[in-house]
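A short write-up of the structure that comes next.
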Amino acid sequence: MHPSDMGKPIEQRTGEPIARASGPDHTGNDQEIRPSILVVDDDAFMLGMQSRMLHSMGYPQVTTADSAEAALLFLKQAQSAIDVIVCDLNMPGMDGIEFLQILNCSAFRGNVILLSGEGVRIMHTVQKLLGDGRLMILGALEKPAERATLRALLESWKPLSAAIPTGRTLSFTPEDLTLAHREQQWVLHYQPKVDLVTGALQGMEALVRWNHPEHGMVYPDAFIETAEDCGAIDALTEWVFQDAMKQLGVWRSEGLRFGVAVNVSMENLRSSDFTRRITEFARSAGVPSQDVTLEITESRLMSPSPAPLESLVRLRLQRFGLSIDDFGTGHSSLAQLRDVPFTELKIDRGFVAGARHNQIVRPILEGSIGIAKRMSMQSVAEGVETEDDWHLLREIGCDLAQGYFIGRPMDVTQVPVWLELWRARQSRLVGS
Ligand code: C2E
Ligand code: CA
Ligand code: CA
């Protein structure tokens with residue numbers, strides 16, 4: 001469309017849809033799924049520039065709209081789905097915030113990239129504002145959008161079906177959990193943590209799944225909270241711990257040497273018996289406590305009761321490693337660092353994936369690694385999803401990395417296969 005046409009919604013001019021796809025497909029590449037993109041911006045010059053940039057980057061399906069109202073009408077009428085909306089925040093009439101809030105409550109299920117001349121921190125807050133709705137924000141860009149950053153954000157787009165894991169929306173009663181425990185329906189998957197300098201496997205984190213007779217593999221987000229609320233978490237954690245100790249014994253007998261990490265709930269630490277039982281399980285499995293790290297989720301550490309602190313100190317006296325999990329997401333993370341003798345600081349994935357191009361999370365990531373160093377703790381970054389994340393963490397001196405880029409949580413039978421694949425990638429990734 002011609003720039004001079006952009007002051008008013010297109011449908012009033014031509015009777016065709018308010019916005020339309022433009023540009024030929026000149027990528028010649030139909031192997032890879034490319035998202036269809038809608039750019040919403042009231043500035044005609046910007047709209048044209050972004051549209052041309054996207055085409056030249058190999059995104060053939062680009063639609064433009066010169067106002068939020070026009071975009072909403074287009075989305076209502078559009079035959080083909082839009083995957084990604086690149087949205088300006090400052091627009092006369094309906095602004096970007098209102099537009100996104102409407103979309104957030106609608107059936108639209110695509111992703112959004114925010115675009116504004118207002119600075120990255122404002123956009124970050126908008127991102128937060130929308131956080132609990134259905135819209136998935138891929139990231140925020142300052143105007144004028146830089147090509148490399150825009151490309152990185154678009155490359156993080158995944159078709160929706162691939163992005164939604166099964167079983168996460170189910171909910172269960174305490175009776176369901178009791179039955180699951182009785183029937184031994186728990187399964188452990190393991191996710192590797194590797195050394196960022198040498199690439200060596202440092203440990204495996206045990207992540208519980210429920211092999212449900214009807215729903216298939218159910219992920220912990222669907223049942224851990226209920227287990228904590230109804231008291232089933234003690235039996236579950238003990239099962240996880242014992243099974244992980246047994247598995248570590250198997251790996252040792254095969255000549256493999258690395259540690260294991262188990263997730264521990266705050267609720268577990270309230271029981272005065274917890275340390276004794278855990279110590280006993282490790283001892284009878286012949287596993288030295290130094291090889292076991294307990295990952296404690298920080299948001300659950302905020303209780304004023306002294307009982308959990310007591311358990312944590314005792315665990316440390318027994319030489320278990322203590323990790324502050326999801327660091328950066330709770331309210332008293334610094335207070336917990338002050339009060340608990342943690343040995344490991346595990347930075348939440350929200351500060352890791354895509355950090356290189358994110359001016360807000362990157363300083364937090366670097367600062368957290370600095371804190372860990374100065375407090376003689378091991379730093380671990382979770383949610384390492386790309387090679388770019390991996391190299392950034394090496395540059396800024398993080399100790400260990402975990403995430404889909406290195407390996408997804410896997411069942412024990414897949415571990416030897418993963419190890420072989422990892423050895424093949426390892427030397428290239430550590431530059432040796
Ligand atoms: P967590 O301890 O933070 O575990 C990491 C979660 O992030 C896992 O989800 C893992 O599959 C996922 N993940 C790993 N790498 C990546 C990545 O590169 N990108 C992204 N986007 N995600 C990644 P999962 O297994 O669904 O576990 C969710 C949470 O459930 C865990 O978070 C942990 O807090 C809890 N949990 C898991 N197993 C247990 C357990 O045995 N006991 C207790 N109390 N909690 C558990
Ligand atoms: Ca964890
Ligand atoms: Ca975590």
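Note that ligands are numbered from 1 as they come in the structure, with each ligand's atoms numbered from 1 the same way. None of the values given here were measured: they were computed from a predicted structure. Residue numbers start at 1 and run along the sequence shown.
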Atom nearest to the Ca ion (ligand 2) - [X], N, O or S atoms considered:
X: Glu205; answer: OE2
X: Glu295; answer: OE1
X: Asp325; answer: OD2

**Q.** Non-hydrogen atoms of Asp88 and Met91 that approach each other most closely
**A.** O-CE, 3.4 Å
(Q) If you compare all heavy atoms of His181 against all heavy atoms of Trp186, which two are closest, and at what distance to 0.1 Å? (A)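 Heavy-atom minimum between the residues: ND1-NE1, 3.0 Å.
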Can you list the ligand 1 atoms lying under 4.0 Å from a non-hydrogen atom of [X]?
X: Gln191; value: 14 (C), 15 (N)
X: Val240; value: 41 (O)
X: Val384; value: 18 (O)
X: Gly383; value: 17 (C), 18 (O)
X: Val208; value: 38 (N), 39 (C), 40 (C), 41 (O)
X: Glu382; value: 3 (O)
X: Asp221; value: 28 (C), 29 (C), 30 (O)
X: Asp326; value: 3 (O)

Relative to ligand 1, is [X] under 4.0 angstrom through side chain, backbone, both or neither, heavy atoms considered?
X: Glu228; answer: neither
X: Thr237; answer: neither
X: Arg209; answer: side chain
X: Asp348; answer: neither
X: Ile224; answer: side chain

Can you find an N or O of [X] that's nearer than 3.5 Å to an N or O of ligand 1?
X: Glu205; value: yes
X: Glu295; value: no
X: Glu385; value: yes
X: Ser265; value: yes

Q. Which is it for Asp291 and Arg252 under the salt bridge (Lys or Arg N to Asp or Glu O under 4.0 Å) test, yes or no, and what are the steps along the way?
A. CA-CA 11 Å; Asp291 294 347; Arg252 299 265 149 126; 2.8 Å; yes
From the Ca ion (ligand 2) out to just under 3.0 Å, does an N/O/S atom of [X] turn up?
X: Asn263; answer: yes
X: Asp326; answer: no
X: Glu382; answer: no

Q: Return the option from Thr329, Thr297, Thr386, Leu188 holding the heavy atom at the smallest distance from atom 34 (O) of ligand 1.
A: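 The option holding the nearest heavy atom is Thr297.
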Q: Just go through Pro192, Pro220, Pro409 and tell me whose heavy atom is the nearest to atom 30 (O) of ligand 1.
A: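 Selected option, by shortest heavy-atom distance: Pro220.
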(Q) Show, in sequence, the C-alpha distance, side-chain angles and deciding distance for Trp210 and Tyr219, and conclude whether the ring-ring contact (aromatic ring centres under 6.0 Å, His included) test is met. (A) CA-CA 7 Å; Trp210 178 0; Tyr219 289 84; over 10 Å; no
Q: Find the distance between CD1 (Ile369) and CD (Gln378) and round it off to the nearest 0.5 Å.
A: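 If we round to the nearest 0.5 Å, Ile369:CD1 and Gln378:CD are 12.5 Å apart.
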**Q.** Point-to-point distance, once rounded to the nearest 0.5 Å, from CZ of Phe108 to CG of Leu103
**A.** 6.0 Å
Q | Arg425, CZ: over 12 other non-hydrogen atoms inside 6.0 angstrom | A | yes
(Q) Can you tell me if Glu280 has over 12 outside heavy atoms packed within less than 6.0 Å of its CD? (A)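 Correct, the count exceeds 12.
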Q: Measure centre to centre between the rings of Trp251 and Tyr190, then say whether the value is under 6.0 Å.
A: yes
**Q.** Carboxylate-amine/guanidinium contact Arg151 Glu146, below 4.0 Å
**A.** no
Q) Going by an N to O cut-off under 4.0 Å, is there a salt bridge joining Arg428 and Glu387? A)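 Here Arg428 pairs with Glu387 in a salt bridge, since their nearest N and O are under 4.0 Å apart.
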Q: Going by the side chain to side chain contact (heavy atoms under 4.5 Å, CB included) test, name the single residue among Leu322, Asn268, Asn263, Asp326 that passes it with Ile296.
A: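 The side chain to side chain contact (heavy atoms under 4.5 Å, CB included) with Ile296 is passed solely by Leu322 among Leu322, Asn268, Asn263, Asp326.
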Q: Report the C-alpha distance between Glu267 and Arg270 in whole Å, list the side-chain angles of each, state the deciding distance to 0.1 Å, and finish with yes or no for salt bridge (Lys or Arg N to Asp or Glu O under 4.0 Å).
A: CA-CA 5 Å; Glu267 297 307 315; Arg270 284 183 210 289; 3.3 Å; yes
Q: State if Gln402 counts as touching ligand 1 under the rule of any non-hydrogen atom under 4.0 Å.
A: no
Q: Might you work through the side chain to side chain donor-acceptor pair (under 3.5 Å) test for Ser323 and Glu295, ending with a clear yes or no?
A: CA-CA 5 Å; Ser323 175; Glu295 297 192 4; 4.9 Å; no
Q: Going by the side chain to side chain donor-acceptor pair (under 3.5 Å) test, name the single residue among Gln402, Gln191, Lys193 that passes it with Glu205.
A: Gln402
